[in-house]
Structures are given as structure tokens and as C-alpha cells.
Amino acid sequence: MARGKLRIYLGAAPGVGKTYAMLSEAHRRTERGTDCVVAFVEHHGRPRTEVMLHGLEEVPRRELEYRDTVFTEMDVDAVLARRPRVALVDELAHTNVPGSRNTKRWQDVEELLAAGIDVISTVNIQHLESLGDVVESITGVRQRETVPDETVRRANEIELVDMSPQALRRRMAHGNVYKPDKVDAALSNYFRPGNLTALRELALLWVADRVDEYLTEYRSEHRVSTIWGSRERIVVGLTGGPEGRTLLRRAARLAEKGAGGEVLAVYIARSDGLTSASPKELAVQRTLVEDLGGTFHHVVGEDIPAALLDFARGVNATQIVLGVSRRKSWQYVFGPGVGATVARDSGPDLDVHLITHDEAGKGRGLPVARGARLGRARIVAGWLVGVVGPVLLTLLLQLGPDAGLANDMLLFLSLTVAAALLGGLYPALASAVVGCVLLNWFFTPPFHTLTIADPENVLAIVIFVGVAVAVASVVDLAARRTHQAARLRAESEILSFLAGSVLRGETSLEALLERVRETFAMESAALLERTSDVDPWIRAGSVGPRPAGSPEDADVDMPVGDHMALALSGRVLPASDRRVLAAFAAQAAVVLDRQRLRQEADRAKELAEGNRIRTALLAAVSHDLRTPLAGIKVSVSSLRSDDVEWSEEDRAELLAAIEDGADRLDHLVGNLLDMSRLQTGTVTPLMTETDLDEVVPMAMGGIPDPGSAVVLDVPESLPMVVTDKGLLERVVANVVENAVKYSPRGEPVVVAASALADRVEVRVVDRGPGVPDEAKDRIFEPFQRHGDAPRGAGVGLGLAVARGFAEAMGGTLAAEDTPGGGLTMVLTLRAAGTGTGPRQPVPAATAGPHHLVPTERQT
């Protein structure tokens, strides 16, 4: 029996329309005459989805009793007995009620597929098993119902049901997804714009990977070797020369012209490990291509044009970008060059771009094979074995029995191999020559002459010499390649460390100089600089005892530009090490510049912040503080005046004005003092485990507007938070005061708290005019008042102080839009005992809100 086909509608989040799309497909198939039934579809009370079930045959569900409650599940036996052509099964990741035929619904679907029934199902991206940790880090909620990735991968068709986060939140706000009493909680927690955007990206990337897999599988099954230009992929061939930067920038511009263009830079090295490329330049080009959004690849190949074309076809590239050859005209007698060969062999499916550059036609150096540094002792030992060894072997063979010419030649050949292993090529060649003479003189008739009577012995001597020379060459080449490979590996590790640490900003100048000193086994290292050619050298940084004060005093110096040098003391470096030293020197200069720029930026920021604070403080003192002082002075002067006899009501009114002005002064001065503490870094919170339901009601006592109402929704079952009780009270008071100030008359401010993963959130919701997205961060800056707030409404420090205190306690304070209009302040705090795992938020209906309607002062 043929296996049924599986079609899956994949969505990023609940409510995007997966079930609706599945039912629409069922109606289309039914209209075409396909036998299609509903095995299990849950409409969740959504009217539009429920309407789509009309006209479709539904298989009766199976009822199961569990813990005194009756549940309904898909009746697999009934569907198998009905044997439709297509069965609709919703929620593929669903866990069946205990007592069901299978534990998971996807196992039920496997039975239907095995019976030859086609299945159409739905699943959300957060239910894929491999993405569980990623989804938990995004949303703070661990998905307990999951489906194996392989089950979804094996689907014959996967259709992405997509919707923008804003559109999905609008659907929720209109009540099209959840019931109205659950909308606010959902929008504030799981369905935040950031969460939905991240989940949407996961879904798009996962589906894109599956599309690439399907395309690769199809090309492999049908043996498609030609390139399909479904996507612009541009391969840039690098040689390690300075022209590579020009090629990369040109390729990036070409990629920008096509949708979804991708740049792949490839450097092809020969398998023998010899290369004329500059590791420093390759590191720079790797960084450049990654900054441009591309990828860097290192490929080994003997035939560079063939390796480049194989790589391009392997990644389904559409274009190749190469630089015009740097060879001079006479060098073309050795061949047409890489560019011409690639263009000739690329075929019609690959476009080859030859880019001109400043280095074209200037010539290029060829790889130079430097001998291995075997050391004086090994070279001496090799010469002794190669020259003295045959003589000693001849004496031993003369004293002993005759072993035959063939065995004698093998013994001399072994000495030649040993000489090659110890001393390299030249001792081995000398050993072959000495051995040949001794064999001819002592062991080849006629003896003690350089003539050879037997022609076979002539051939044997010739073969001996040839084998000895060949073996010596191979052994010497292997030794040199081993040394070169080890050296190149060490260089690559050093350069990789430099590129990674410096680009991430993890290395200080002293740490980098210490790395230089350790790498090259030096006593000291110093980075020297001067402002001009006549000025003395000064040390920008140094490590080790007695660092050099000038390049002339150092054992090794590496210039960096015109007025900077890296000076090392301890020993003289060979020329082969100066290439890596140049990379270190360049990185040291970059680190120094970065440190100075950071210091200058910090100083400039401090100066600008100080100037701004002083300017704002002067403005506040000049007006906001003078206004209550002027009111107090007028009231006091009036009371002290003997010209007017005040009634008791007038005296009470003047005293109330004095008290109100003093309260305003106390509030303003308190905020100014708090901001000064934050600016000077003297806020030291006393962190303890605290219950929110004890602190939040206490913070409500200072609400200035008695006509406002605040609704508290702080469940007693919330986990404790790690915070400073006094600072937390001040933060909540300032945020609530700000919300009351901008909330319309008669609209209560809601203060709700909930637990989410390892944190607890306090949300202060108002229905005021709201704040535009571009101004949400600006309202937390000192001396900022949004909109048309009157000058007497404060100096604009309340939210700045609140955010500063929140961050001092290890929390965050951010602003979000309130669904339906208004502004929501979100205070996030760390929950106590987070090692026990995330806690689910308690619904508002469980605890019940506490309504506080202030009269004169709230307590």
C-alpha cells in the first residue's frame, strides 16, 4: 500500500490563520470531487474558523474520561474505517489525553499515512523540538508540546502561513484570536512585538532551509549539474593580494542589485602548503567580506581554475568575480592565467567578471620554498651518517662474510635514507655518491678499480644511485613540507587570535604586547611613537623588564606608519618571523587608536553630559524652583502684613499654599539629589528578597492628584524579587505619578505584576496620549518633559531617576504602547530563587484586583 502524503501549514505563532488556510484547502479539494473529511479540527471559539467547518464531513470524536472530566480526541479507528482520500488533523504537536491509542497526535497521523490516507495538518514553529531552547529564550515560556523535526521534514509539502506582528496584534485586539478577557495579558506577555518578530524570523529561516534542501535534493536526484540562477550568488576569487579589497567591494555592489544576493569569497591554496599570500592581507579581507555580509572560504586545490569552478558550481553560484592578472606580459608564455582559464571553462551558466585594479600588470612574486630549519646538530649528524657511515659500513662488510651485491646495496641505501632524515637533501646526495664509489671499488668485480666488468652490475649501480637520489629528495621534501605546514598552522592560529580578539574589542594594548613577547620569546616589547621625525620616541605601552626607548635600542623593530614602531628586546628574529610580527604591529596600532578614541569619546560624553546637566539645572533653578519659592514668599508676606486683617478661611488657604509650595520644593530637590547620586555613581542598593505586594501599595501614598484612581493587580502568589526595597518603592512611585499626570480624568491607572520565566514584571498602564516610538527612549533622559507639559509640572527627572534606580538594582525600565491607546511602563526585576525554573504568571482573576480610590492622600 502506497504511503499517504503529508501537507503541513506552518505558522510563527497562534492566530496567524493556519487552521483557516487548512479548511480553505479542504473546501477547494471537496469542490474538485476529492473525498475529504475532518478528522480533528479545533476552532477555539473563533467565528470565522467555525464557519469554515460548514459543508465538510466530520468524523465523530472519541470521548475519554480523565480525572472526572470528559475530553474528546481524534478517533483513529473511525478514520481508518472511513478511509477517506484526505483527512484534516489540526495541531500536530498536541498531546493526547491519557488512555488514547497514542501519546502524541503526530503518532496518530503516522498511522493514517501508513494506511495510505493523505493528511493535512498544522503546527507552529515554537512546537518544533529542536527549537525549544531558542523559543524559551525568546518568550520565557517552555513549550511542553513538541513534535520531532524529522516528522515535519518528511512532509511532502510545507506551506508557511505568515502575518506581520502588527497585523497579528490587531487581530488579537479585535478579539479574533482570544476572548476579550485574555487579550491584554496575551499582548503584554507572549504576543509582544519583539517576540513575534523573532518567532517570525525563526519560521522564515526554517522554511528557507527546507527549500534549499529540496532544491539540492532535486538537483542531485535529477543529476542537474548546470547552475540554476534562483538566487544571485557571487563567488570572489582571492589571491591574497591587495586587489582583493577592490574585488570584494565590487561584488557587494553586484549583489545589492539582485534580491537576496550573496557574496562568497574563496581563497584557494595549493595542497603543498606553499603560498605567496600575505596572512595579514587575508585577515583584513576576511574581515571586510564579513562586514559586507558575505562569507569567507579557504579551499585547497592543485589546479586553481578547476578548484574555483568546482566551488562555484557546488554552491550554485551565478557569477564569478576575478581580478585582472598581476603578471607581466612576458609571463603569459607560461600559460593563459587563471582569469582566462576560468572564463574559458565556465560555460554558459556562469558569468565571469574580470575587474581592473591598481596592481594589474605590475608582476607578482612566486612562492619560494625555503628549507627547513633543522638545526646545526641535525645537519652535522646527517653529514656524519652520509659520509662517515658508508666508510664504516665498508669496513664491517670487508671483515664479515660476503652478503652479496644486492644486500650490500640495500645497506648503503639505508644509510642514504638515514642521512636524508637527519640532515636533509645534501647529506643524502653525498651519501649516495660515496656509497656508489665504495660499492664500485670494493664490491663490484674487478675489485679495487672503478671499472665494472658485468653489465648487470652497471645497471644495479645506476639503479642504486637513482633510488638513493629519489628517496633522499622525497624524504627531504616531506621534512620541509612538515615544517612549513606546522609553521603555517602556528601563523594561522596567531592571526586568528588577533583577528578575533581585536575585532571583538577584547584585547588591551598591554595584553597584546604580552602576547607578542610570549609568541616570539622576547624579554620585553614596547610600542613606540612620536609626533614628528625630530621629536623623541615615547612609549605608548610596554611589557617586560627594560623595554627599549627607541627602535635603535631594540633587537628587533617593526615600523608601523611613519611615526610608530614595535620594538622587541631579547634576541634577533629571523626574516621568516617578520611577516607575523608585522601583523602584530598593525594590530597594536589599531588597539592603541581604539583605546584613545574610546577615551576621547568618554571624555566628550562626560563633558557633554555635564554641560547638559548644568544647563538644565540652571533652567530648573531659574524657573521651576523659583515658582514655589515665590508662592511661599507671597503667602508668608501676606500673613505677616498688618495692613490686611485675614479671615480664618483666608489664613487657611494661604497656609495651604505654603504647604503645597514646600511639598513641591521637597519633591523637586529630592529628584535633583537623586539624579546627582546617579551621576556620581554613589547609589549602592541593599539587595534583599522582597514581596511586591508589600512594596507596591506603599508606593501609592504619594500620588499628587486626589481625583485619580489606581487599580492594583499584584497577586500574592508571585515569587519574591531580589531588589532594594526603598529604591523599588521610589521607582514605582515615580512611574505611577507620571502615569497619573498624563492619564485622562476618570481613566484609572492599572498597576499589574506577573511572573515570566526567571523575572517578574510590573506594568503601569495608562490611557493617556501615548508617546511616539522615536521618543520612548528620550523620555527617560534627565530634564525631559514630553509634549505640552506645563513648566510647573516638574523638572523632568522622575522617569530618569526611576530608570537609574531600576538599573542600579539589576533591572530594566522600558516604555511600550498600550493596546487601544496610551503608554505602558514595564519594570523588569529578577525573581528570587530562579534556579528552580520559570514560574507561570498567575491570572488576574485568581488574585482579584484591589481598587484604590484616593481621597486626599493614599496610604
Side-chain angles (χ1 to χ4, degrees), residues 4 6-23 25-26 37-46 49-50 52-53 56 58-67 69-80 82 84 86-115 117-132 135-136 139 141-155 157-161 177-179 182 186 190 199 202-203 206 840:
L6 176 61
R7 179 188 181 99
I8 293 179
Y9 287 92
L10 178 68
V16 295
K18 303 179 302 301
T19 304
Y20 190 91
M22 177 180 67
L23 294 174
E25 176 66 17
V37 301
V38 176
F40 187 95
V41 170
E42 185 62 60
H43 56 75
H44 298 289
R46 300 167 188 170
T49 305
E50 187 176 2
M52 293 296 294
L53 287 170
L56 296 176
E58 296 189 47
V59 176
R61 301 182 184 181
R62 180 186 178 189
E63 294 185 353
L64 295 170
E65 184 175 350
Y66 179 68
R67 293 183 178 179
T69 304
V70 177
F71 298 90
T72 59
E73 292 287 1
M74 180 175 64
D75 193 338
V76 180
D77 292 329
V79 178
L80 291 175
R82 171 65 175 75
V86 179
L88 307 184
V89 183
D90 202 7
E91 298 179 359
L92 188 63
H94 171 73
T95 301
N96 293 330
V97 175
S100 300
R101 183 192 191 97
N102 297 300
T103 305
K104 294 286 189 176
R105 185 165 293 164
W106 61 266
Q107 296 172 330
D108 297 337
V109 170
E110 286 293 326
E111 287 196 34
L112 299 181
L113 295 173
I117 300 175
D118 294 345
V119 176
I120 304 178
S121 186
T122 64
V123 70
N124 287 324
I125 192 68
Q126 69 264 26
H127 293 299
L128 293 183
E129 194 169 286
S130 65
L131 300 177
V135 173
E136 183 180 8
T139 63
V141 178
R142 183 70 180 186
Q143 298 294 331
R144 302 189 182 278
E145 293 189 334
T146 60
V147 59
D149 287 48
E150 188 60 30
T151 300
V152 183
R153 288 174 185 269
R154 288 201 306 264
E157 297 179 61
I158 299 178
E159 182 170 335
L160 178 65
V161 181
V177 179
Y178 290 153
K179 294 181 179 179
K182 297 182 179 179
Y190 191 89
L199 293 173
L202 276 180
W206 196 90
Q840 298 297 329

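Below, all heavy atoms of this structure are taken into account, side chains as well, without hydrogens, waters or symmetry copies. Only a predicted model underlies this, so the values are computations on that prediction, with no experimental measurement involved.
- Of the options Arg61, Arg101, Arg105, a side-chain hydrogen bond (donor to acceptor under 3.5 Å, both in side chains) to Glu73 is made by Arg105 and by none of the others.
- Side chains of Met22 and Val41 form a contact here, defined as non-hydrogen atoms less than 4.5 Å apart.
- Residue Thr19 holds its OG1 atom at 6.5 Å from NE2 of His44, rounded to the nearest 0.5 Å.
- Counting only heavy atoms from C-beta outward, the side chains of Leu10 and Val152 never approach each other to under 4.5 Å.
- Considering only heavy atoms from C-beta on, Val177 comes within 4.5 Å of Arg46 through its side chain.
- Under the 30°/60° scheme for interplanar angles, the aromatic rings of Phe40 and His94 are found to lie parallel.
- Note that CD of Glu157 and OH of Tyr9 are 8.0 Å apart. Values are rounded to the nearest 0.5 Å.
- Taken from CG in Leu92 to CG in Asp108, the straight-line distance is 10.0 Å, to the nearest 0.5 Å.
- For Ser121 (side chain) and Val89 (main-chain N/O), a donor-acceptor pair under 3.5 Å exists by modelled atom type.
- Within a 6.0 Å radius of CD in Glu63, other residues, nucleotides and ligands contribute 12 heavy atoms or fewer.
- Residues Pro14 and Gln126 share a closest heavy-atom pair of CD-NE2, 3.5 Å.
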| Run the side-chain contact (heavy atoms from CB on, under 4.5 Å) check on Ile117 and Leu80 step by step: do they pass? | CA-CA 8 Å; Ile117 300 175; Leu80 291 175; 4.2 Å; yes
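- Within the 4.5 Å cutoff, the side chain of Asp77 has no heavy atoms near those of the Arg62 side chain.
- Once rounded to the nearest 0.5 Å, the distance linking CG of Leu88 with CE of Met74 reads 11.0 Å.
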| task | Walk me through it: do Thr146 and Leu128 pass the test side-chain contact (heavy atoms from CB on, under 4.5 Å)? | result | CA-CA 6 Å; Thr146 60; Leu128 293 183; over 6 Å; no
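- Atoms CD and CD, on Glu129 and Glu150 in that order, are 11.5 Å from each other to the nearest 0.5 Å.
- Remark: side-chain polar atoms of His127 are paired, donor with acceptor, to backbone N or O of Glu145 under 3.5 angstrom.
- When each of Val119, Ile120, Val123, Thr122 is checked for a side-chain contact (heavy atoms from CB on, under 4.5 Å) with Ile8, only Val123 meets the rule.
- From Glu42, atom CD reaches atom OG1 of Thr49 across 10.5 Å, with rounding to the nearest 0.5 Å.
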| query | Do Asn124 and Leu199 pass the side-chain contact (heavy atoms from CB on, under 4.5 Å) test, and can you show the C-alpha distance, the side-chain angles, and the key distance before you say yes or no? | reply | CA-CA 10 Å; Asn124 287 324; Leu199 293 173; over 6 Å; no
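- When all heavy atoms of Phe71 and Tyr66 are compared, the closest pair comes out as CE1-O, 3.6 Å.
- Leu56 and Ala26 make their closest contact through CD1-CB, 4.0 Å (heavy atoms, listed as atom of the first residue, atom of the second, distance).
- A pairwise comparison of heavy atoms in Val59 and Ala78 identifies CG1-CB, 3.7 Å as the closest pair.
- A salt bridge does not link Lys104 to Glu110: none of the charged nitrogens lies less than 4.0 Å from a carboxylate oxygen.
- Within the 4.5 Å cutoff, side-chain heavy atoms of Ser100 are placed close to those of Leu64.
- For the pair Asn96 (side chain) and Asn102 (backbone), a donor-acceptor distance under 3.5 Å is present.
- Ala13 and Lys18 make their closest contact through O-NZ, 3.8 Å (heavy atoms, listed as atom of the first residue, atom of the second, distance).
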